[in-house]
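First up is the structure itself, then whatever we jot down about it.
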Amino acid sequence: LMGTFSRETPNAESIHPWYITGFTEGEGSFTYSRTPTGVGLYFAIRLTNKEKLLLESIRNFFGNIGKIYPVKALAPTTNSGKTKSSWYFRVTRVDDLLKIVDHFDRYPLIGIKKQSYLIWKKMVLVKSNFRNGKGERLNSLAQQLSEASPRNQPWDGTNSK
């Protein structure tokens, strides 16, 4: 007999940790941004408006860390096509990023995103363990992370410290 399919969004208690890992393999990102003052690290998942409840369940799974932001639709530009309205779950605080690292160490990625995660994890550990002298190490890892995925913007070293 075939089971009944439910369209209900799962709550945090019903989401299996391996689901989070698999979902992240397809929809998540381990990334960073460069600013004149340093490197900011992010774990993020972006989904359409219809999937906001799923993002809330994922956020709850991680203990309500991070924030969920609305993203407005954008018209096409010379560099990109039209985008739809969506929701963006983003974790940025180093203490919270360590919870993300803990999850993916326990339930590791196995696809192409694994390489990016391992570099990103080193960046999180550098930021969490060292107060001074971390800029050069972070920039080196940022360059590696940029090169790990063809979807990332190429590293040009601008705005780096």
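Every value quoted in this text rests on a predicted model; they were computed, and no experiment measured them. When a residue number appears, it is its place in the shown sequence, counting from 1.
- Judged purely by atom type and a 3.5 angstrom limit, E25 uses its side chain to pair as donor or acceptor with the backbone of K113.
- With K99 contributing its side chain and G63 its backbone, the two residues share no donor-acceptor pair below 3.5 Å.
- The side-chain heavy atoms of L97 and W120, taken from C-beta on, include a pair separated by under 4.5 Å.
- Using bins of under 30°, 30° to 60° and over 60° for the plane-to-plane angle, the ring pair F89/F43 lands in the perpendicular bin.
- In this structure S86 satisfies the side chain to side chain donor-acceptor pair (under 3.5 Å) test together with R46, sequence neighbours excluded.
- In this structure the side chain of Y117 reaches within 4.5 angstrom of the side chain of D105, judged on heavy atoms.
- Counting heavy atoms from C-beta on, the side chains of L138 and K127 come closer than 4.5 Å.
- Less than 6.0 angstrom separates the ring centroid of F104 from the ring centroid of F30.
- Taking CG of L54 as the start and CZ of F61 as the end, the distance is 12.5 Å to the nearest 0.5 Å.
- Of all heavy-atom pairs between Y32 and A142, the closest is OH-O, 3.3 Å.
- Looking at residues two or more places apart in sequence or on another chain, you find a side chain to side chain contact (heavy atoms under 4.5 Å, CB included) between K122 and R137, L141.
- Contacts of K67 classified as salt bridge (Lys or Arg N to Asp or Glu O under 4.0 Å), with partners at least two apart in sequence or in another chain: none.
- You'll find the side chain of R59 reaches within 4.5 Å of the side chain of N64, heavy atoms only.
- For the atom pair L118 CG and L145 CG, the distance stands at 10.5 Å (nearest 0.5 Å).
- For S33, the side chain to side chain donor-acceptor pair (under 3.5 Å) partners two or more places apart in sequence, or in a different chain, are Y42.
- Between R106 and D102 there is a side-chain heavy-atom pair separated by less than 4.5 Å.
- Within the 4.5 Å cutoff, no side-chain heavy atoms of I58 are placed close to those of T24.
- Separation of atoms NZ (K52) and CD1 (I68) is listed at 6.5 Å; rounding is to 0.5 Å.
- By the criterion of side-chain heavy atoms lying less than 4.5 angstrom apart, applied directly or through intervening Ile, Leu, Val, Met, Phe, Trp or Tyr residues, I100 is grouped together with F23 in one hydrophobic cluster.
- Shortest non-hydrogen contact noted between A148 and S116 is CB-OG, 3.8 Å.
- A distance of 8.0 Å separates OG1 in T31 from CE in M123, rounded to the nearest 0.5 Å.
- L41 has its side chain out of reach of V94: every pair of non-hydrogen atoms, C-beta onward, lies at least 4.5 Å apart.
- Contacts of Y107 classified as side chain to side chain contact (heavy atoms under 4.5 Å, CB included), with partners at least two apart in sequence or in another chain: P17, W18, T21, H103.
- If you chain together hydrophobic residues whose side chains sit under 4.5 Å apart, L47 and V71 never meet in one group.
- For the atom pair I20 CD1 and I45 CD1, the distance stands at 6.5 Å (nearest 0.5 Å).
- Panel note: side chain R34, backbone V39; no donor-acceptor pair is recorded below 3.5 Å.
- Under the rule for a side chain to side chain donor-acceptor pair (under 3.5 Å), the partners of N49 that lie at least two apart in sequence or sit in another chain are W87.
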